[in-house]
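Just so you know, these numbers use all the heavy atoms, side chains as well, and skip hydrogens, waters and symmetry mates. When a residue number appears, it is its place in the shown sequence, counting from 1.
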Amino acid sequence: MTDQPPKYDLVEAVHPLVRRVLAHNPSPFTYTGTQTHIVGHGEVAVIDPGPDIAEHVANILKAVEGERIVAIVCTHTHRDHTPAAKSLAEATGAPVMGCAPIMAEDGSGLEAGFDHSYTPGRIMVEGDTVSGPGWTLEAVFTPGHTSNHLCFALPEAQALFTGDHVMGWSTSVVIPPDGDMGAYLASLEKLMPREDAIYFPAHGDPVTKPKQLLRGMLGHRRQRENQILRTLGKGAASIPEMVAQMYAGLDPRLEKAAGLNVLAHLIDLDRRGQVRAEGDVWGLAA
């Protein structure tokens with residue numbers, strides 16, 4: 001998919017139990033778009049129905065023609081993941097379930113803000129399952145990218161649907177106040193002992209070496225944390241000043257996201273007593 005232009009009307013089989021349909025919402029934050037995954041055959045689950053784009057909803061319905069959707073499952077409530085749940089439920093009568101709603105306003109101003117219209121019929125927590133013929137989805141609570149983020153294990157395929165917690169093309173943004181860097185790192189660590197053979201993320205290609213990617217992601221975050229501490233070791237600085245020093249050649253469209261990621265790291269470091277803020281200026285703790 002990464003070597004050719006994306007095809008938004010294509011139903012692609014990525015495993016004997018899993019198909020995916022790509023939503024036409026490419027952006028610097030969504031890569032080629034949000035991937036909706038269909039699990040099973042005959043009676044199926046739809047994971048992350050995506051944005052409420054009529055074409056995308058129609059493509060999902062076409063992909064499951066002659067089958068019955070028994071569960072519309074959502075990993076988290078960013079606007080590129082859940083809005084189509086309502087249209088899909090109205091068209092099929094299928095129940096919406098998965099992550100809890102987010103009640104607080106996002107305030108980030110980024111494209112993928114929260115979908116406050118999301119109203120699941122069933123809120124799933126760690127260990128909860130939904131199943132159909134030959135498949136089971138089990139909720140794995142992975143807060144950090146958002147406070148309500150769930151991954152879903154498919155034990156019949158040794159697979160994990162990772163939403164935005166682990167993506168196949170980039171690291172996730174962590175946007176305070178709802179996003180929490182400490183929780184995000186803990187959720188990455190939580191996946192390390194698992195025996196999943198493949199990840200199916202909502203953005204990017206399947207991850208066929210999960211533990212290798214997890215180690216790389218954890219290493220990247222530790223490097224970023226150390227970079228912040230080294231930068232502040234040279235003197236107190238504002239977040240825009242830190243971004244300018246730390247992200248050379250950054251796409252200007254991503255500067256705000258980079259600043260929010262830095263803020264998330266700073267909040268985590270502040271909790272651990274390593275940095276402190278005076279107004280908009282951050283420095284090392286005394």
Quick check: is [Y] connected to [X] through a chain of hydrophobic side chains (ILVMFWY, heavy atoms under 4.5 Å apart)?
X      : Y      : result
Phe141 : Ile102 : no
Ile38  : Leu10  : no
Leu254 : Ile239 : yes
Val11  : Val14  : no
Ile72  : Val70  : no

Before giving the answer on salt bridge (charged side-chain N to carboxylate O under 4.0 Å, His left out), spell out for Glu67 and Arg19 the whole-Å C-alpha distance, their side-chain angles and the decisive distance to 0.1 Å. CA-CA 13 Å; Glu67 302 176 290; Arg19 294 163 278 173; 3.0 Å; yes
Within the structure provided, determine whether [X] and [Y] are in side-chain contact (heavy-atom separation under 4.5 Å).
X      : Y      : answer
Leu137 : Leu154 : yes
Leu188 : Val166 : yes
Arg122 : Val130 : yes
His56  : His24  : no
Val262 : Trp282 : no
Met242 : Leu232 : yes
His37  : Asp48  : no
Thr162 : Thr75  : no

Smallest separation among heavy atoms of [X] and [Y], with atom names:
X      : Y      : result
Val96  : Ala89  : CG2-CB, 3.9 Å
Ala157 : Ile198 : O-CG2, 4.3 Å
Val207 : Gly168 : CG2-CA, 4.2 Å
Leu17  : His41  : CA-NE2, 4.3 Å
Pro49  : Ile60  : O-CD1, 3.6 Å
Arg221 : His265 : O-CE1, 3.5 Å

Where the side chain of [X] meets the backbone of [Y], is there a donor-acceptor pair that is under 3.5 Å apart?
X      : Y      : value
Glu255 : Leu250 : no
His145 : Val173 : yes
Gln274 : Ala285 : no
Glu156 : Thr136 : yes
Arg79  : Gly50  : no
Asp270 : Leu266 : no
Asp80  : Pro51  : no

Would you say the side-chain atoms of [X] and [Y] include a donor-acceptor pair closer than 3.5 Å?
X      : Y      : answer
Ser238 : Asp280 : no
Ser147 : Asp178 : yes
Asp164 : His81  : yes
Asp115 : Thr82  : yes
Arg224 : Gln227 : yes

Once rounded to the nearest 0.5 Å, what's the spacing between atom [atom1] of [X] and atom [atom2] of [Y]?
X      : Y      : atom1 : atom2 : value
Asp180 : Leu185 : CG    : CG    : 9.0 Å
Thr77  : Tyr118 : OG1   : OH    : 7.5 Å
Thr34  : Arg20  : OG1   : CZ    : 12.5 Å
Met124 : Cys74  : CE    : SG    : 11.0 Å
Leu191 : Tyr199 : CG    : OH    : 4.5 Å
His220 : Thr171 : NE2   : OG1   : 4.0 Å

side-chain contact (heavy atoms from CB on, under 4.5 Å) between Leu22 and Glu12: does it pass, once the steps are laid out? CA-CA 9 Å; Leu22 180 64; Glu12 185 176 3; over 6 Å; no
Is it true that Tyr31 and His203 have ring centroids separated by less than 6.0 Å?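 No, the ring centres sit 6.0 Å or more apart.
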Within the 6.0 Å centroid threshold, strictly below: His149 and His78: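 When the ring centroids of His149 and His78 are compared, they turn out to be at least 6.0 Å apart.
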[X] atom [atom1]: more than 12 heavy-atom contacts under 6.0 Å:
X      : atom1 : result
Lys190 : NZ    : yes
Lys209 : NZ    : no
Glu126 : CD    : yes

Phe152, Tyr184, Phe200 screened by ring pair (Phe, Tyr, Trp, His ring centres under 6.0 Å) with His165, the one that passes: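 Only one of Phe152, Tyr184, Phe200 forms a ring pair (Phe, Tyr, Trp, His ring centres under 6.0 Å) with His165, namely Tyr184.
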Take Leu263 and Met181, measure what side-chain contact (heavy atoms from CB on, under 4.5 Å) needs, and give me the verdict at the end. CA-CA 9 Å; Leu263 175 60; Met181 187 61 71; over 6 Å; no
In a check of salt bridge (charged side-chain N to carboxylate O under 4.0 Å, His left out) between Glu189 and each of Lys211, Arg215, Arg222, which one passes?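 The salt bridge (charged side-chain N to carboxylate O under 4.0 Å, His left out) with Glu189 is passed solely by Arg222 among Lys211, Arg215, Arg222.
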Check the pair Asp128 / Met97 against side-chain contact (heavy atoms from CB on, under 4.5 Å), numbers first and verdict last. CA-CA 11 Å; Asp128 281 353; Met97 62 187 69; over 6 Å; no
Evaluate the side-chain contact (heavy atoms from CB on, under 4.5 Å) criterion for residues Leu269 and Glu225: first the C-alpha distance (whole Å), next the side-chain angles of each, then the deciding distance (0.1 Å), finally the verdict. CA-CA 8 Å; Leu269 289 165; Glu225 181 180 283; 3.6 Å; yes
